[in-house]
Amino acid sequence: MILVKMRPIFVLLFVVFSGSVSAKETRMSKIDRSLRSRRNVDVSNKYTQLTINTLRVHLNNEDLYFCNSDPYSGVQCPEEMVCVDWHQICDGEQTCGIQYKSQCIDRTIASYGKVDKRMCDGDENERWCVWKKMAPKRCGQDYFISGDKKAKRRRIRSMNFPDNYYNDRFCFWRIRVPEGDRISVFFRQFNTELNYDYVSVGNGEKYDNDAETVVYKHSGENLPKPKSFTSTGNVMWLTFKSDDWDSRKGFVIDFFNTRVKEAKVVGENAFKNTERISCGNTEVVEIGFRETVIVESPNFPKFYSSNMDCIWKYRVGNGRHISINFIEFSTEDNHDDINIGDGIDPRRTANLLKSFSGGKAPTNIVSKSNQVWMKFETNAAINRKGFQIQVKEKYYSECGGQLTVPDGKSIVVTSQNFPENYEPSSECLWQFVHSQERQITFKILDFETEENYDQFTLGDGFEPDENMTNTFIETHSGELPTPNVYTTSGSEGWMLFTSDDVKQMAGFIIEVYDKKHYDELFPSEDGNSEASISFVSSSVDEDLAG
């Protein structure tokens with residue numbers, strides 16, 4: 001009976017015990033997952049950059065800065081040419097302000113009547129201790145290769161090698177040898193996601209993307225060429241950047257002191273020694289009336305090639321402007337740039353309008369003249385999809401406005417959305433003034449409105465008078481009017497367009513000239529300009545009749 005009674009107790013104890021173990025295992029698994037997730041996160045590039053930016057704000061609020069602008073190296077001591085490493089902060093031994101500590105303490109006595117060391121403890125201050133905990137975790141480290149028997153070589157592998165490296169990482173290493181020695185580099189294995197996860201190697205202390213210091217910037221499944229080379233100095237840097245997507249096995253790279261191993265190739269700048277590929281159009285391309293030109297990077301929508309110099313040149317009629325609209329855009333950020341400028345000579349950098357690179361489509365551009373050039377340059381490394389750009393003549397297509405006709409030039413005005421259908425229920429008034437108080441000539445190039453309903457009026461002076469007596473065209477609809485050229489009596493003119501809400505059509509396009517410029521462009525056989533209607537006021541008619 002005792003055994004019978006004890007069995008349920010035993011079973012109950014077992015259930016309770018096993019349940020507690022299960023709960024413990026569950027808690028531990030949650031903790032373990034949390035730790036694993038945190039380990040992955042705290043070295044990710046996005047997390048690291050967020051940490052750096054947050055820490056920078058804290059330091060700058062105290063007029064403090066990263067040592068040599070490097071967030072991994074520590075903090076610049078205030079008002080001293082001394083840096084304190086992160087591991088030196090709050091280590092029990094003060095570095096910053098130690099020479100002035102006694103003077104600082106004396107000032108606290110004078111100010112507060114007692115000693116307050118908190119104002120004078122420099123990098124041992126409790127605020128600095130908090131910042132130390134926020135210090136970014138670096139992927140990679142610095143190495144010194146002395147060249148003796150115990151330090152012949154340093155082998156650097158991508159994280160997690162030979163398994164796939166982690167996504168969203170930025171790692172950097174510095175390799176140093178004694179003064180006077182050089183560094184030999186040998187790539188043993190290499191496999192990264194082409195054009196996205198890349199290794200850069202360069203000469204000098206500071207890793208950057210300056211073409212003067214970079215030897216390689218490489219990605220893909222093949223070893224770089226050459227796979228071995230020698231540095232120009234005694235310090236080199238190596239960086240690796242991966243994105244959020246696919247990963248590969250990574251790389252193995254050996255660094256030697258040249259006293260131990262000599263590479264056959266000197267590490268010269270690959271960006272300088274590679275033959276460039278020309279593309280684009282060398283001659284100026286004329287963009288015709290209502291014509292749209294599509295400009296694409298080579299191979300679009302596939303990736304463009306490395307080492308390319310592409311130039312395109314375009315022109316529209318005198319006095320007009322060019323609209324450049326980006327449909328798609330993706331280039332290597334800060335390296336593969338497209339520059340756009342006025343004129344037809346890309347060497348005249350003073351005429352540069354904009355320079356773009358990266359993955360975001362730029363805003364549209366309007367030239368300042370009737371000519372524009374575009375220059376696309378790619379480096380020896382990472383490629384992208386490129387771009388597709390729409391180039392066409394720029395019209396003024398707002399619903400009305402006050403416009404100035406430039407001296408010796410013209411402007412082009414259209415109905416809204418031209419050559420697409422104009423807006424319903426519109427009432428648009430355009431007013432024109434010549435910049436030099438000369439006559440203005442209107443030339444109607446194309447015209448299509450709903451007949452009898454959507455009406456166009458053209459007149460002399462700055463605005464319609466009360467009885468609409470100052471008009472060339474009182475009301476017109478349907479097709480192109482005849483004649484289609486009109487000249488003001490003075491330096492002002494106006495246009496009015498009204499539409500109903502029933503049917504919309506393409507509208508109109510009108511070029512508005514400085515009359516002198518128009519006469520030069522369109523001379524007739526007798527030496528005058530083409531026939532046009534000039535406005536004559538009723539008061540002049542009465543004077544002639546008298």
(request) For the pair R248 and E193, find out whether any cationic side-chain nitrogen is under 4.0 Å from an anionic carboxylate oxygen. (result) no

(request) Side-chain contact test, heavy atoms from C-beta onward, threshold under 4.5 Å: evaluate it for I338 versus I389 and give yes or no. (result) yes

(request) Please determine, by modelled atom types, if Q390 and N325 share a side-chain donor-acceptor pair under 3.5 angstrom. (result) yes

(request) Would you please say whether a donor-acceptor pair under 3.5 Å links the side chains of S357 and D336? (result) no

(request) Would you check if the side chain of S426 reaches a backbone N or O of T498 as a donor-acceptor pair within less than 3.5 Å? (result) no

(request) Decide, yes or no, whether a salt bridge links D342 with K368 under the criterion of side-chain N to carboxylate O below 4.0 Å. (result) no

(request) Kindly compute the distance separating CD (E479) from CE (M505), expressed to the nearest 0.5 Å. (result) 9.0 Å

(message) Any non-hydrogen side-chain atom of V413 less than 4.5 Å from a side-chain atom of W430?
(response) yes

(request) Kindly state whether the ring of F172 and the ring of Y72 have centres lying under 6.0 angstrom apart. (result) yes

(request) Kindly say whether V199 contributes a backbone atom to a donor-acceptor pair with the side chain of H218 at under 3.5 angstrom? (result) no

(message) Measuring from atom CG of L59 to atom CG of N61, what distance do you get when rounded to the nearest 0.5 angstrom?
(response) 9.0 Å

(message) Determine whether a donor-acceptor pair (N or O, by modelled atom type, separation under 3.5 Å) exists between the side chain of N467 and the backbone of T469.
(response) no

(message) Please determine whether a side-chain nitrogen of the Lys or Arg among R347 and D345 lies less than 4.0 Å from a carboxylate oxygen of the Asp or Glu.
(response) yes

(request) Evaluate the ring planes of F387 and F329, with Trp represented by its six-membered ring, and classify them as parallel (under 30°), tilted (30 to 60°) or perpendicular (over 60°). (result) parallel

(message) Quick check against the 3.5 Å criterion: does N195 have a side-chain atom that pairs as donor or acceptor with the backbone of N383?
(response) yes

(message) Are the side chains of N470 and W494 in contact, using a 4.5 Å heavy-atom criterion?
(response) yes

(message) Within the 4.5 Å heavy-atom criterion, are M495 and F472 side-chain neighbours or not?
(response) no

(request) May I ask you to test the I365-F356 pair for a side-chain heavy-atom distance under 4.5 Å? (result) yes

(message) Under 2.5 Å between the SG atoms: is that true for C67 and C83?
(response) yes

(request) Assess the side chains of Q439 and T487: does a donor N or O sit below 3.5 Å from an acceptor N or O? (result) no

(request) For D243 and D197, work out which heavy atoms get closest and say how close. (result) N-OD1, 2.9 Å

(message) Looking at V316, is its backbone amide N or carbonyl O close enough to the side chain of N370 to form a donor-acceptor pair, meaning the two atoms are under 3.5 Å apart?
(response) yes

(request) Verify, without hydrogens or angle tests, whether D337 (side chain) and N339 (backbone) share a donor-acceptor contact under 3.5 angstrom. (result) no

(message) To check you understand the geometry: which heavy-atom pair defines the closest contact between N379 and R276, and what is its length?
(response) CA-NH1, 4.4 Å

(message) Would the distance check show the side chain of S415 and the main-chain N or O of F418 forming a donor-acceptor pair, the cut-off being under 3.5 Å?
(response) no

(message) Can you confirm whether Y486 sits close enough to I440 that some side-chain heavy atom of one is under 4.5 Å from a side-chain heavy atom of the other?
(response) no

(request) For the pair F447 and F508, name the ring-plane relationship: parallel under 30°, tilted 30 to 60°, perpendicular over 60°. (result) parallel

(request) Look at the side chain of N281 and the backbone N and O of K313, then say whether any donor-acceptor pair between them is shorter than 3.5 Å. (result) yes

(message) Does any part of the side chain of V391, heavy atoms only, come nearer than 4.5 Å to the side chain of M374, both counted from C-beta?
(response) yes

